[in-house]
*Asks:* 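The structure follows.
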There are 2 protein chains.
Amino acid sequence: MARNPAPTPRGDLLIVDALAQFSFLIQGTLEGRASEHDLSMIQTRLLGVLRDRRPTMNQLAMLLGLDKSSVTGLVDRAERRGLVARVPSTTDGRAVLVTLTDAGRTSVAAVAAGFETDVAAILAALPTSDRRALSALVSRVLVAHATARGVDLFATSS
Amino acid sequence: MARNPAPTPRGDLLIVDALAQFSFLIQGTLEGRASEHDLSMIQTRLLGVLRDRRPTMNQLAMLLGLDKSSVTGLVDRAERRGLVARVPSTTDGRAVLVTLTDAGRTSVAAVAAGFETDVAAILAALPTSDRRALSALVSRVLVAHATARGVDLFATSS
DNA sequence: TATTGTTATACTCTATAACTATA
DNA sequence: TATAGTTATAGAGTATAACAATA
């Protein structure tokens with residue numbers, strides 16, 4: 001958690017504080033871009049997840065870490081706005097598949113593009129070699145974390 | 001925004017995706033620790049901000065980026081739980097100062113400690129020199145970003 | 001008249017529990 | 001009987017607009 005003011009008088013922040021502040025910066029950036037399209041973070045995550053999936057409501061709940069009843073409302077509101085659609089499963093009469101509409105795909109692409117612009121601007125403070133170093137370090141941490149959990153970051157999703 | 005699956009077949013993720021995923025990892029970690037104490041992210045941010053401040057409701061709204069009416073409810077719920085207290089200002093009859101109670105300070109300290117443990121565990125994947133390098137790079141980005149906004153990250157707060 | 005804070009209202013987001021329909 | 005999804009309900013969190021009290 002970010003401490004205020006920084007505990008070190010000058011120079012680097014403590015790494016915990018630096019990472020906390022950094023994550024707030026990135027999240028805030030994404031939130032700002034999402035709100036340009038009247039999207040909350042969870043709606044944005046929903047659309048993001050649907051870019052390369054067509055999950056059932058239940059799978060969606062697991063992907064987003066929500067209760068299935070929460071997903072019902074989430075998808076209701078997104079569907080009302082024409083961003084997603086419910087499609088009955090042909091193989092299971094109980095199941096419902098959720099898909100991105102064209103409008104939803106357009107929205108999520110716009111948010112992603114804006115976000116990429118923002119991240120590029122934030123990283124412009126670093127010379128190219130440092131940017132690459134940062135990317136490599138963060139990637140290493142992510143891969144290690146995913147591996148520790150038995151997840152393959154590079155696996156093709158179902 | 002994190003893309004799924006990763007667009008690069010093997011090796012580093014694109015830097016935007018890496019930073020997005022990383023920020024979700026850090027935020028998720030903090031959220032998990034906060035929920036151990038039945039604290040939402042915004043309640044945790046509230047307590048965090050109050051660790052070294054005694055702001056008015058209005059200042060709190062600016063610090064948290066919320067409308068003042070939202071802060072009324074936020075502080076109401078925190079006060080009901082005994083985490084913060086309202087103190088009438090002695091210099092302005094309209095103003096109310098918000099302070100952390102001992103219970104609030106204990107809670108926020110516990111969350112911070114747990115979070116630090118988690119971050120240390122996440123970073124254990126990197127050798128010490130790389131951890132230092134990551135810290136330095138992130139700090140540099142944060143300082144540059146703050147400076148661009150005319151904020152002094154190391155200023156003593158009021 | 002302007003500012004500080006609260007209230008009233010409405011909406012999103014979330015979970016738990018109970019329900020319907022299908023497997 | 002078990003699973004997929006929805007509904008009912010309750011509460012947190014948020015903003016806008018209107019208000020009371022103080023400056």
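The structure presented is a predicted model; accordingly, all values stated were derived computationally and were not measured. Basis for what follows: all heavy atoms, side chains included, without hydrogens, waters or symmetry-related copies. Letters A, B, ... mirror the listed sequences (proteins, then strands); counts begin at 1.
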*Asks:* In plain terms, say whether A:D76 and A:R86 are close enough for a salt bridge, that is, a side-chain N and a carboxylate O under 4.0 Å apart.
*Replies:* yes
*Asks:* Which residue, A:A95 or A:D76, contacts DNA chain D at a nucleotide closer to its 5' end, judged by nearest heavy atom?
*Replies:* A:A95
*Asks:* Roughly, in whole Å, what's the span from CG in A:L60 to P in C:dT14?
*Replies:* 12 Å
*Asks:* Say whether, by atom type as modelled, one donor and one acceptor occur between the side chain of B:R53 and the main chain of B:V49 under 3.5 angstrom.
*Replies:* yes
*Asks:* Take atom CG of B:D38 and atom C1' of C:dT14, then tell me their distance rounded to the nearest Å.
*Replies:* 14 Å
*Asks:* If only side-chain N and O atoms of B:R86 are considered, is one of them under 4.0 Å from the OP1 or OP2 phosphate oxygen of C:dT6?
*Replies:* yes
*Asks:* Whole-Å distance between C:dT14 P and A:R45 CZ?
*Replies:* 8 Å
*Asks:* Quick one, give me the B/S/- string for nucleotides 13-23 of chain D, reading 5' to 3', where B means a protein heavy atom under 4.0 Å from the base and S means that only happens at the primed atoms, P, OP1 or OP2.
*Replies:* BSBBB---BBS
*Asks:* List, one per line, each side-chain donor-acceptor pair under 3.5 Å for residues 62-74 of chain A, sequence neighbours excluded.
*Replies:*
{"unit_1": "A:D67", "atom_1": "OD2", "unit_2": "A:S69", "atom_2": "N", "d": "2.9"}
{"unit_1": "A:D67", "atom_1": "OD2", "unit_2": "A:S69", "atom_2": "OG", "d": "2.8"}
{"unit_1": "A:T72", "atom_1": "OG1", "unit_2": "A:K68", "atom_2": "O", "d": "3.3"}

*Asks:* Just by modelled atom types, is the B:L126 backbone N or O under 3.5 Å from a matching donor or acceptor in the B:R131 side chain?
*Replies:* yes
*Asks:* Working to the nearest 0.5 Å, report the span between CE of B:M57 and CG of B:L97.
*Replies:* 11.0 Å
*Asks:* Grab the CG-C1' distance between A:L83 and C:dT12 for me, whole Å please.
*Replies:* 14 Å
*Asks:* Can you list everything that forms a side-chain contact (heavy atoms from CB on, under 4.5 Å) with B:A95? Sequence neighbours excluded, please.
*Replies:* B:T56, B:S89, B:D92
*Asks:* Over how many whole Å does the gap from B:N58 atom CG to C:dT4 atom P extend?
*Replies:* 5 Å
*Asks:* Scan A:T56 against the nucleic acid and name what it touches under 4.0 Å (heavy atoms): base, sugar-phosphate only, or nothing.
*Replies:* sugar-phosphate
